[in-house]
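The chain is numbered in sequence order, starting from 1. Side-chain atoms are counted along with the backbone in the values below, which use heavy atoms only and exclude waters and symmetry mates.
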Amino acid sequence: MKGYELIAPCHFGMEAVLKREITDLGYEITDVDNGKVTFAGDDAAVARGNLFLRTTERILLKVASFRAETFDELFEQVKAVPWEEYIPRDGKFWVAKANSVSSRLFSPSDIQKIVKKAMVERLKQTYHVNWFEESGAPYPLRISIVKDIVTIGMDTTGESLHKRGYRKYTAPAPVTETLAAAMILLSPWKSDRILVDPFCGSGTIPIEAAMIAMDMAPGRNREFTAQTWTDLVPERAWREAKQEADDRVHRDMELNIQGYDISEEALKMARANAVLAGVDRQIHFQRRDIRDFSSPKKYGFVISNPPYGERLSAKEEMYGLYQTLGSVMDCNDTWSFFLLSGYEEAQKAIGAGGSRKKATKNRKIYNGMMKTYLYQYMGAKPPGKGRKGNE
C-alpha cells in the first residue's frame with residue numbers, strides 16, 4: 001500500500017473535534033491549521049476517511065506543497081510534479097477551486113489557468129501527445145495559497161461530505177450535517193442520555209445524534225469521486241470500508257432523542273429525512289413551542305441551532321426568544337444546553353431570562369462566512385451508574 005498525506009478541511013473552530021475523529025479512526029495527525037487537519041494514511045485511509053469522518057467537508061490527497069511568489073514560479077513548480085503518477089492518459093483533470101490568503105498570487109482564475117497549463121505541459125511530455133481527450137475518470141484539484149505557500153490537493157470526495165444523502169427535504173436556515181455532528185461530538189452527551197433539539201427544523205441534529213449513537217458511518221450510502229481511481233485507490237479498499245461500515249451499525253438501539261418545532265411542515269420534512277437516514281425508530285418528533293419545554297427526566301441535553309435572523313425578522317422577537325431560552329434553562333437547571341447562534345445578543349438575552357448569565361464556555365465557529373458561537377451551558381452531573389437517580 002502506498003502512503004499519502006491526506007488533508008481534511010472543516011469549519012473554522014472545529015479542528016479539535018476533527019483531529020479526535022481522525023485519531024480514533026487510527027491515523028497519525030501530521031498538521032493542524034485553521035480550517036483543516038492533515039494526517040498520514042494509505043489507500044484504505046482514503047476510503048475510510050470518506051465513509052467514517054463526520055466533521056470534515058472532504059478528503060484531499062496532498063500532491064505537492066511549495067513556495068511561489070510569481071506565476072512563472074507557480075508554473076515551473078507545478079510542472080515539476082510527477083502528475084503521471086496520479087493521472088492516467090485519459091484522465092479528466094481541472095482546478096475545481098483556488099483560494100489565496102496573504103499571498104502575492106491572489107487571482108483565483110489566473111491560478112487555475114496557470115496550474116492547468118503546467119499540468120498539460122508535464123503530461124504532454126510524459127504521454128507523448130499534444131491533446132488530451134479527458135474522457136476517463138475525473139481528477140479535480142483544489143489549490144490553497146497561504147502566505148505564498150502553495151498546497152495542491154486532489155479531491156477524492158466530489159460532492160461535499162455534509163451531503164450524506166438523507167436530507168432530501170430542507171427547512172429554512174438549516175445547520176449542515178457536518179456542523180451538527182461537530183456540535184454533538186463537542187458535548188459529553190452519550191447514547192444512554194436524553195437529547196432534545198427544540199428547534200429541530202428538518203431534523204439534522206437529532207438525525208446526526210442517532211447516527212453517532214448507532215455508529216452509522218455518514219458516508220455509507222453515497223458515492224465518491226476516488227471510487228473511479230482504480231490506479232490510486234483500488235476497489236478492494238472501498239469494498240472493505242463499506243463492509244466495515246455495515247458491520248459497525250447497531251441497528252436495534254433504543255435511544256431517547258427528541259426533536260421539536262412549531263412548524264408542522266418542518267416536522268414532516270424531519271420525519272421523512274429520518275426515514276431516509278434509517279433512524280426514524282430512534283427519534284420522536286413533536287410539534288411543541290420552546291415555551292412549553294418540559295421533561296420528566298432530571299438530567300439531559302439540549303443541543304440546538306436556535307433562530308438568529310433567518311426565521312425571525314424582528315429584533316424584539318429574537319430577544320424575547322432567547323429570554324425564553326434562559327427561563328427554560330432555569331426550570332431545567334440540571335440539564336446541559338449547547339446552542340449554536342449568530343445572534344449577537346444571545347448570551348445577554350439568555351441571562352436576562354434566567355439565572356445563567358454567562359455560558360460555561362463559548363466557541364467561535366464560522367458557519368460558512370457567518371461568525372457564530374457555540375454556547376455551552378453545563379448542568380449538574382447525574383449520579384454515578386451505581387447509584388439511583390432520575391435519569
CZ of Phe71: more than 12 outside heavy atoms within 6.0 angstrom? yes
Is there a salt bridge (charged side-chain N to carboxylate O under 4.0 Å, His left out) between Glu223 and Lys242? Walk through the geometry before answering. CA-CA 11 Å; Glu223 302 298 319; Lys242 291 204 171 189; 3.6 Å; yes
Can you tell me if Lys357 has over 12 outside heavy atoms packed within less than 6.0 Å of its NZ? yes
With side-chain contact (heavy atoms from CB on, under 4.5 Å) as the criterion, how do Phe337 and Ile350 come out once you've worked through the C-alpha distance, each side chain's angles and the decisive distance to 0.1 Å? CA-CA 11 Å; Phe337 289 74; Ile350 288 170; over 6 Å; no
Less than 4.0 Å between a side-chain N and a carboxylate O, is that true for Asp148 and Arg104? yes
What are the two closest heavy atoms between Ile145 and Ser103, and how far apart are they? CG2-OG, 3.3 Å
Value rounded to 0.5 Å, distance of CD1 in Ile87 from CE in Met154: 4.5 Å
Tell me if the CG atom of Asp247 is crowded by more than 12 foreign heavy atoms within 6.0 Å. yes
Less than 3.5 Å apart, any donor N or O on the side chain of Ser202 or Arg167 sitting next to an acceptor on the other? no
Sidechain N-carboxylate O distance under 4.0 Å for Arg271, Glu264: yes
Would a distance-only check, ignoring hydrogens and angles, find a side-chain to backbone donor-acceptor pair under 3.5 Å from Gln282 to Leu255? no
Quick one: are Val95 and Ile111 in side-chain contact, heavy atoms under 4.5 Å? no
Show, in sequence, the C-alpha distance, side-chain angles and deciding distance for Gln77 and Val150, and conclude whether the side-chain contact (heavy atoms from CB on, under 4.5 Å) test is met. CA-CA 10 Å; Gln77 293 271 28; Val150 180; over 6 Å; no
Roughly how far, to the nearest 0.5 Å, is CG of Asn273 from CE of Met269? 8.5 Å
If you look at every heavy atom in Pro108 and Ala98, which pair is closest and at what distance? CB-O, 3.6 Å
Give the minimum heavy-atom separation between Gly379 and Ser336, together with the two atoms involved. N-OG, 2.9 Å
In plain terms, say whether Lys124 and Glu121 are close enough for a salt bridge, that is, a side-chain N and a carboxylate O under 4.0 Å apart. yes
Hey, what do you get for CD (Glu159) to OG1 (Thr225), rounding to the nearest 0.5 Å? 9.5 Å
Among Tyr375, Tyr377, Phe199, which one satisfies side-chain contact (heavy atoms from CB on, under 4.5 Å) with Leu325? Phe199
Look only at the side chain of Glu73 and the backbone of Glu69, and say whether a donor-acceptor pair between them is shorter than 3.5 Å. yes
Sub-4.5 Å side-chain heavy-atom contact between Thr372 and Ser341: no
Starting from Leu374, can I reach Tyr366 by hopping between I/L/V/M/F/W/Y residues whose side chains sit under 4.5 Å apart? no
Can Asp31 and Lys62 be said to form a side-chain contact (heavy atoms from CB on, under 4.5 Å), step by step? CA-CA 12 Å; Asp31 188 48; Lys62 185 176 176 182; over 6 Å; no
Any side-chain to backbone donor/acceptor pair from Arg48 onto Glu244? Under 3.5 Å, distance only. no
The reported gap from CZ in Phe224 to CH2 in Trp229 (rounded to nearest 0.5 angstrom) is 12.5 Å
Can you tell me if Thr157 uses its side chain to pair, donor with acceptor, with the backbone of Ile59 under 3.5 Å? yes
Taking it one step at a time, do Ile194 and Trp189 satisfy side-chain contact (heavy atoms from CB on, under 4.5 Å)? CA-CA 8 Å; Ile194 183 174; Trp189 175 74; over 6 Å; no
Could you check whether Asp289 pairs with Arg291 (Lys NZ or Arg NE/NH1/NH2 to Asp/Glu carboxylate O, under 4.0 Å)? yes
Hey, any chance Ile7 and Met14 share a hydrophobic cluster, counting ILVMFWY side chains that come within less than 4.5 Å of each other, even indirectly? no
Hey, is Arg281 close enough to Glu254 for a salt bridge, meaning N to O under 4.0 Å? yes
To the nearest 0.5 Å, tell me how far Ile29 CD1 sits from Thr23 OG1. 4.0 Å
When you compare the side chains of Ser135 and Asp90, does any donor N or O come within less than 3.5 Å of an acceptor on the partner? no
Do the ring planes of Phe338 and Phe301 sit parallel (below 30°), tilted (30 to 60°) or perpendicular (above 60°)? tilted
Of all the heavy-atom pairs spanning Pro383 and Tyr299, show the shortest one and how long it is. CD-CE1, 3.4 Å
Side chain Arg54, main chain Ala180, donor-acceptor under 3.5 Å: no
Single-linkage hydrophobic cluster Val120~Val81, side-chain heavy atoms < 4.5 angstrom: yes
Trp83 ring center near Tyr139 ring center (under 6.0 Å): no
May I ask you to decide whether Lys19 forms a salt bridge with Glu15, counting only side-chain N to carboxylate O separations under 4.0 Å? no
Hey, does the side chain of Gln347 reach the backbone of Ala359 with a donor-acceptor pair shorter than 3.5 angstrom? yes
Please determine if Lys2 and Asp43 form a salt bridge, counting it only when a charged side-chain N lies under 4.0 Å from a carboxylate O. no
Parallel, tilted or perpendicular, as decided by the 30° and 60° cut-offs, for the rings of Phe39 and Tyr27: tilted
Counting only heavy atoms not in Lys79, do more than 12 fall under 6.0 Å of its NZ? yes
With no hydrogens and no angle check, do the side chains of Glu57 and Ser160 hold a donor and an acceptor under 3.5 Å apart? yes
Without swapping roles, check the side chain of Asp261 against the backbone of Leu267 for a donor-acceptor pair under 3.5 Å. no
Using a strict threshold of under 4.0 Å (side-chain N to carboxylate O), is an ion pair present between Lys116 and Glu134? yes
Looking at Leu340, Asp197, Leu179, Val196, which hits side-chain contact (heavy atoms from CB on, under 4.5 Å) with Ile205? Asp197
For the student: nearest non-hydrogen atoms of Leu51 and Pro218, plus distance: O-CD, 3.2 Å
Is any side-chain heavy atom of Gln227 less than 4.5 Å from a side-chain heavy atom of Asn50? no
Do you reckon Leu276 sits in the same ILVMFWY cluster as Leu161, going by side-chain contacts under 4.5 Å, direct or chained? no
Check whether any side-chain N or O of Thr156 sits under 3.5 Å from a backbone N or O of Val46 as a donor-acceptor pair, and report yes or no. no
Presence of salt bridge, Arg122 and Glu84, under 4.0 angstrom: yes
Ignoring hydrogens and geometry, is there a side-chain-to-backbone donor-acceptor pair from Glu21 to Thr55 under 3.5 Å? yes
Using the rule that two of Ile, Leu, Val, Met, Phe, Trp, Tyr join whenever any of their side-chain heavy atoms come within less than 4.5 Å, decide whether Leu60 and Phe93 are in one cluster. no
So, do Trp94 and Gln112 sit near enough that their side-chain heavy atoms are less than 4.5 Å apart? no
OG1 on Thr126 to CD on Glu85, rounded to 0.5 Å: 9.5 Å
Relative to the ring of Tyr343, is the ring of Tyr322 parallel (under 30°), tilted (30 to 60°) or perpendicular (over 60°)? tilted
Does Arg287 reach the main-chain N or O of Ile262 with its side chain, forming a donor-acceptor pair under 3.5 Å? yes
Report, as yes or no, whether the 6.0 Å neighbourhood of atom NZ on Lys163 holds more than 12 heavy atoms from other residues, nucleotides or ligands. no
